[in-house]
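Side chains included, hydrogens not; waters and symmetry mates left out as well; all remaining heavy atoms used. Quick caveat, the model's predicted, so the values are computed rather than measured. Counting begins at 1 with the first residue of the sequence.
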Amino acid sequence: MAKGNHWQLIPLDTFERPTAPASTLLQKAWLRAQNLIGIKDDEDATPDEQDFPHYREFDLEPAVAAVEKAWEEAESEPCVRFVVSPPFSGSGAILRAWADKHGYQQLKPPRKDQLESADTESWWQAQQCDNWLLDEFSSFWLRTTSHMQFMRALLPRLLRGELGEGVVVVDSWTFAFLQRAWPLSLPHCYCFAAATPELLQQVSIETTEKALRKLNAKARGNVGVALALWALAQNSERQTPRIPSEADDATAFILYALLLHHGLAGEYLQLVLPMLAPDQLDVQLLRLQQNGVIELDDEKVWRVTVYAYVDVRDFLASRDYWLDSF
């Protein structure tokens with residue numbers, strides 16, 4: 001176990017990703033070449049029935065302590081702080097633990113009719129709280145003309161302090177979209193520093209220093225992804241999820257939409273992808289599910305799996321999608 005606490009909450013503009021080794025860079029270059037020239041993979045698809053190991057839940061208290069330390073040392077105490085969260089990084093769980101400790105209430109997402117009418121007032125009146133945590137900002141919008149007004153109406157109210165003191169957790173893909181779609185920059189933005197080999201040891205990954213560096217680079221410094229890849233590597237009988245060889249533009253549309261919204265129910269996915277016929281969407285979803293790339297959770301929400309996240313991100317990069325910064 002690594003000694004000390006290696007969690008750090010830092011200003012967003014100081015974030016740096018770990019450097020990837022040359023072998024990882026070559027693998028990514030080859031993947032992009034495959035996608036560009038249409039090379040098909042000879043290996044069979046992952047079997048329909050899968051039981052991948054769930055990545056372990058790490059001890060949240062050291063990460064909560066890092067949040068407290070960062071904000072105690074901050075020069076100002078704004079009404080609202082934003083924490084940008086890469087998928088599977090655990091940032092939401094950490095901030096929920098912090099909120100519970102400090103008596104902050106979790107805000108509930110708006111209903112569909114409130115999204116469409118941009119009715120932030122009735123939504124806010126139903127919350128009935130002073131200090132709050134908005135831990136799933138991706139639920140406060142849909143990428144359609146009629147479902148983005150709520151977000152546009154809510155952000156100015158947050159920044160003016162009309163809703164009191166709180167913390168907003170913004171998924172990194174949603175944040176990347178906001179940087180292009182909203183005319184102002186969000187102030188007081190934080191994120192967790194990229195994982196180090198010492199942090200991976202702290203969350204109980206035990207291997208050589210060289211292997212830790214390689215794993216950390218592949219996971220792009222994301223603790224949750226590193227834990228998942230490590231758990232998967234420990235079971236040699238499990239096949240790694242992979243992008244289907246039939247993946248096309250429709251596949252990319254779906255994967256990007258799921259990351260952009262941190263998962264979507266089928267009806268919402270159809271709303272944001274009206275160019276796909278329902279039967280075409282169903283075929284794509286089933287193929288991706290069978291290959292272990294996406295999963296349907298207990299709430300009937302489609303999500304990219306943690307085990308496929310790195311490959312999904314590389315697949316979208318090969319098609320020149322606007323990616324997050326992590």
Side-chain angles (χ1 to χ4, degrees), residues 1-2 6-7 17-32 34-35 41-60 62-63 85-91 93-94 172 192-245 247 255 258-259 288-295 297 303-318 323-324 326:
M1 294 285 289
H6 299 280
W7 286 97
R17 290 187 300 275
T19 303
S23 59
T24 302
L25 295 174
L26 286 172
Q27 289 172 353
K28 289 185 177 182
W30 174 236
L31 175 65
R32 293 193 181 196
Q34 284 181 306
N35 286 319
D41 214 312
D42 292 333
E43 295 185 22
D44 294 334
T46 307
D48 294 359
E49 296 297 326
Q50 302 179 65
D51 185 23
F52 292 117
H54 290 289
Y55 60 102
R56 293 170 290 179
E57 295 183 358
F58 49 80
D59 181 11
L60 298 178
S85 169
F88 313 110
S89 65
S91 300
I94 294 166
S172 59
F192 283 96
T196 60
E198 292 77 15
L199 179 55
L200 296 189
Q201 287 181 314
Q202 184 178 335
V203 296
S204 301
I205 296 179
E206 298 181 2
T207 185
T208 65
E209 184 176 348
K210 181 179 179 181
L212 282 170
R213 289 199 303 269
K214 186 175 181 179
L215 174 63
N216 195 38
K218 184 174 183 180
R220 300 176 68 87
N222 185 316
V223 170
V225 173
L227 282 166
L229 295 177
W230 175 248
L232 196 59
Q234 302 317 295
N235 192 332
S236 59
E237 296 180 1
R238 301 296 180 188
Q239 289 181 307
T240 304
R242 56 192 312 114
I243 304 295
S245 59
L255 294 174
L258 293 181
L259 288 177
L288 288 168
Q289 184 183 35
Q290 289 170 358
N291 281 269
V293 177
I294 65 173
E295 60 189 354
D297 68 14
R303 302 184 191 277
V304 172
T305 68
V306 62
Y307 309 105
Y309 176 64
V310 172
D311 286 342
V312 168
R313 194 181 191 284
D314 289 343
F315 172 70
L316 294 175
S318 72
L323 310 178
D324 73 349
F326 292 81

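- Atoms CZ and CD, on F58 and Q202 in that order, are 10.0 Å from each other to the nearest 0.5 Å.
- A donor-acceptor pair is defined here as one N or O able to donate and one able to accept, closer than 3.5 Å; such a pair exists between the side chain of T305 and the backbone of G292.
- Counting only heavy atoms from C-beta outward, the side chains of L212 and Q201 approach each other to under 4.5 Å.
- No more than 12 heavy atoms of other residues, nucleotides or ligands lie within 6.0 Å of CD in E209, so this atom counts as exposed by the packing criterion.
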- Message: Applying side-chain contact (heavy atoms from CB on, under 4.5 Å) to I294 and L255, what does each step give before you reach the verdict?
- Response: CA-CA 8 Å; I294 65 173; L255 294 174; 3.9 Å; yes
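- Across every non-hydrogen atom of P241 and D311, the tightest pair is O-OD2, 3.8 Å.
- Checking side-chain atoms of R17 against main-chain N and O of R220 turns up no donor-acceptor pair under 3.5 Å.
- Nearest approach of T19 to A217, heavy atoms of both residues: O-CB, 3.7 Å.
- Residue I243 holds its CD1 atom at 7.0 Å from CG of L288, rounded to the nearest 0.5 Å.
- Nearest heavy-atom pair across V310 and K218 is CG2-O, 3.5 Å.
- With rounding to the nearest 0.5 Å, the separation of CG in L259 from CG in L316 is 6.5 Å.
- In terms of heavy-atom proximity, S91 sits nearest to P86 at OG-CD, 4.5 Å.
- From S85, atom OG reaches atom CG of D324 across 10.0 Å, with rounding to the nearest 0.5 Å.
- Remark: R213 CZ to T208 OG1 distance equals 8.0 Å, nearest 0.5 Å.
- Taken from OG1 in T196 to CG in N216, the straight-line distance is 7.0 Å, to the nearest 0.5 Å.
- In this structure, S89 and N222 have side chains that are in contact, with non-hydrogen atoms separated by less than 4.5 Å.
- Nearest heavy-atom pair across A219 and A226 is CB-N, 3.6 Å.
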- Task: Report the C-alpha separation of V203 and W7 in whole Å, then their side-chain angles, then the decisive distance to 0.1 Å, and conclude whether the side-chain contact (heavy atoms from CB on, under 4.5 Å) test is met.
- Result: CA-CA 10 Å; V203 296; W7 286 97; 4.2 Å; yes
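- For the residue pair A195 and L200, the shortest heavy atom distance occurs at CB-CD2, 4.1 Å.
- Looking at V223 and F192, their side chains never come closer than 4.5 Å, going by heavy atoms from C-beta outward.
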